[in-house]
Enquirer: 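Take a look at the following structure, please.
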Amino acid sequence: TFPEAASLQDPLSREFIVSLKKARVNLENRLKETPSHVRKEVMASLGTVADLERHAVQLLVRSEDLYQYLQTQDGDTIRKEYRQIEQAAQNARDPAAREEFQRAQLAKGEQLRALEDLLDARERIHANLARLLATLDALSPKLVRMRALDAQALDNAGGDISRELDSMNQEIGLFEETLNTTLTETR
């Protein structure tokens, strides 16, 4: 089940939750209107929809975690500190002091790169959520279109939907694995 939108701090995550719930309701309503012979063609695919929704929830939780952490960080301040340390290293007369400033600059540079990695990860999460939402939104009109098809075309359309959802499910699963690896390396 989806978390309540009001429980999320991230405005983009709240928007996705509302949209995902709307897509689900729309699909459920179209299914109720759909004759049983058409519903039979897509029922196997609907298990994949549930998998995609679980992936969406996991991505939303990740996005929320990143959002909350990123709210505590100020990239401009960190960049300013980096430049100040860089300037201090250049101005240092003592070689040992210069070396320590350079080490501090390296550490601050790592902090900046890690922050940028987190921003990129959050952006990729939102891109995957947008794609997932677009796919779910497209199911309702596809279902309505299937009502008008003859038996052979209906079978083909059902297979197309199933392949599309299976492919997306696998891709989102791979993205989650990549994201886990990226975030583990960043922290």
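The figures here come from the full heavy-atom set of this structure, side chains too, leaving out hydrogens, waters and symmetry mates.
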Enquirer: Checking Arg103 now: which residues fulfil side chain to side chain donor-acceptor pair (under 3.5 Å) with it, not counting sequence neighbours?
Expert: Glu99, Glu100
Enquirer: When you group the ILVMFWY residues by side-chain heavy-atom contacts below 4.5 Å and let the links chain together, are Leu12 and Leu179 in the same group?
Expert: no
Enquirer: Check whether any side-chain heavy atom of Gln111 sits under 4.5 Å from a side-chain heavy atom of Gln73, and report yes or no.
Expert: yes
Enquirer: Can you tell me how far apart CG (Leu59) and CG (Leu129) are? Round to the nearest 0.5 Å.
Expert: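 These two atoms lie 5.0 Å from each other.
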Enquirer: More than 12 foreign heavy atoms under 6.0 Å from CD of Glu123: is that the case here?
Expert: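 Open: at most 12 neighbouring heavy atoms sit under 6.0 Å from CD of Glu123.
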Enquirer: Determine whether a donor-acceptor pair (N or O, by modelled atom type, separation under 3.5 Å) exists between the side chain of Thr178 and the backbone of Leu174.
Expert: yes
Enquirer: Asn169 and Thr48: side-chain donor and acceptor closer than 3.5 Å?
Expert: no
Enquirer: Evaluate Leu165 against Leu139 for side chain to side chain contact (heavy atoms under 4.5 Å, CB included), listing each step before the verdict.
Expert: CA-CA 10 Å; Leu165 292 175; Leu139 290 177; 4.2 Å; yes
Enquirer: Are Leu115 and Leu66 connected in a single hydrophobic cluster, I mean Ile/Leu/Val/Met/Phe/Trp/Tyr linked by side-chain heavy atoms less than 4.5 Å apart?
Expert: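 Cluster IDs for Leu66 and Leu115 match.
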Enquirer: Atom CG in Leu27, atom OG in Ser140: separation rounded to 0.5 Å?
Expert: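 Atom-to-atom, Leu27:CG and Ser140:OG are 5.0 Å apart.
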Enquirer: So does Arg131 pair up with Glu171, basic N to acidic O under 4.0 Å?
Expert: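 Between Glu171 and Arg131 there is a salt bridge, with a charged N closer than 4.0 Å to a carboxylate O.
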Enquirer: Would you call Arg79 and Asp76 a salt bridge, using N to O less than 4.0 angstrom?
Expert: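 Yes, Arg79 and Asp76 are salt-bridged.
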Enquirer: Taking all atoms of both residues into account, what is the closest heavy-atom pair of Pro141 and Asp137, and its distance?
Expert: CD-O, 3.2 Å
Enquirer: So, does Asn128 use its side chain to make a donor-acceptor pair with the main chain of Arg124 at under 3.5 Å?
Expert: yes
Enquirer: Report yes if the side chains of Val57 and Pro3 come closer than 4.5 Å at any heavy-atom pair, otherwise no.
Expert: yes
Enquirer: Could you grab the distance from atom OH of Tyr82 to atom CD of Glu110, nearest 0.5 Å is fine?
Expert: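 Spacing of OH (Tyr82) from CD (Glu110) equals 10.5 Å.
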Enquirer: Out of Val18, Val25, Ile17, which residue meets the side chain to side chain contact (heavy atoms under 4.5 Å, CB included) rule with Lys21?
Expert: Ile17
Enquirer: For Asn91 and Gln87: C-alpha separation, side-chain torsions, deciding distance, then whether side-chain hydrogen bond (donor to acceptor under 3.5 Å, both in side chains) applies.
Expert: CA-CA 6 Å; Asn91 294 339; Gln87 189 64 45; 3.2 Å; yes
Enquirer: Is a salt bridge present between Lys142 and Glu164, judged by a nitrogen-to-oxygen distance below 4.0 Å?
Expert: yes
Enquirer: Distance-only, no hydrogens or angles: does the Arg30 side chain make a donor-acceptor pair with backbone N or O of Leu143 under 3.5 Å?
Expert: no
Enquirer: Measuring from atom CG of Leu132 to atom OG of Ser19, what distance do you get when rounded to the nearest 0.5 angstrom?
Expert: 12.0 Å
Enquirer: Hey, what do you get for OH (Tyr67) to CG (Leu60), rounding to the nearest 0.5 Å?
Expert: 14.0 Å
Enquirer: Any donor and acceptor pair, going by atom type alone, linking the side chain of Gln105 with main-chain N or O of Ala89 inside 3.5 Å?
Expert: no
Enquirer: What's the separation between atom CG in Leu136 and atom CZ in Arg24, rounded to the nearest 0.5 Å?
Expert: 9.5 Å
Enquirer: Would one find more than 12 heavy atoms of other residues, nucleotides or ligands at under 6.0 Å from atom CD of Glu4?
Expert: no
Enquirer: Can we say Glu64 and Arg14 salt-bridge, meaning some charged N sits less than 4.0 Å from an Asp/Glu carboxylate O?
Expert: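 Not counted as a salt bridge, because no side-chain N and carboxylate O are separated by less than 4.0 Å.
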Enquirer: Take His126 and Phe16 through the side chain to side chain contact (heavy atoms under 4.5 Å, CB included) test and state the conclusion after the steps.
Expert: CA-CA 9 Å; His126 290 161; Phe16 276 117; 4.0 Å; yes
Enquirer: Do the side chains of Tyr69 and Ile78 join up, straight or via other hydrophobic residues, at under 4.5 Å, putting them in one cluster?
Expert: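 As far as the 4.5 Å side-chain criterion goes, Ile78 and Tyr69 are connected within one cluster.
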Enquirer: Quick one: closest heavy-atom pair of Leu20 and Ala56, and the distance?
Expert: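 Between these two residues, the closest heavy atoms are CD1-CB, 3.8 Å.
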Enquirer: Are Arg122 and Leu70 side-chain neighbours, meaning at least one heavy-atom pair lies under 4.5 Å?
Expert: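 SC-SC contact between Arg122 and Leu70 confirmed.
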Enquirer: Would you call Arg113 and Glu116 a salt bridge, taking side-chain N to carboxylate O under 4.0 Å as the test?
Expert: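 Judged by the 4.0 Å cut-off on N to carboxylate O distance, Arg113 and Glu116 do not form a salt bridge.
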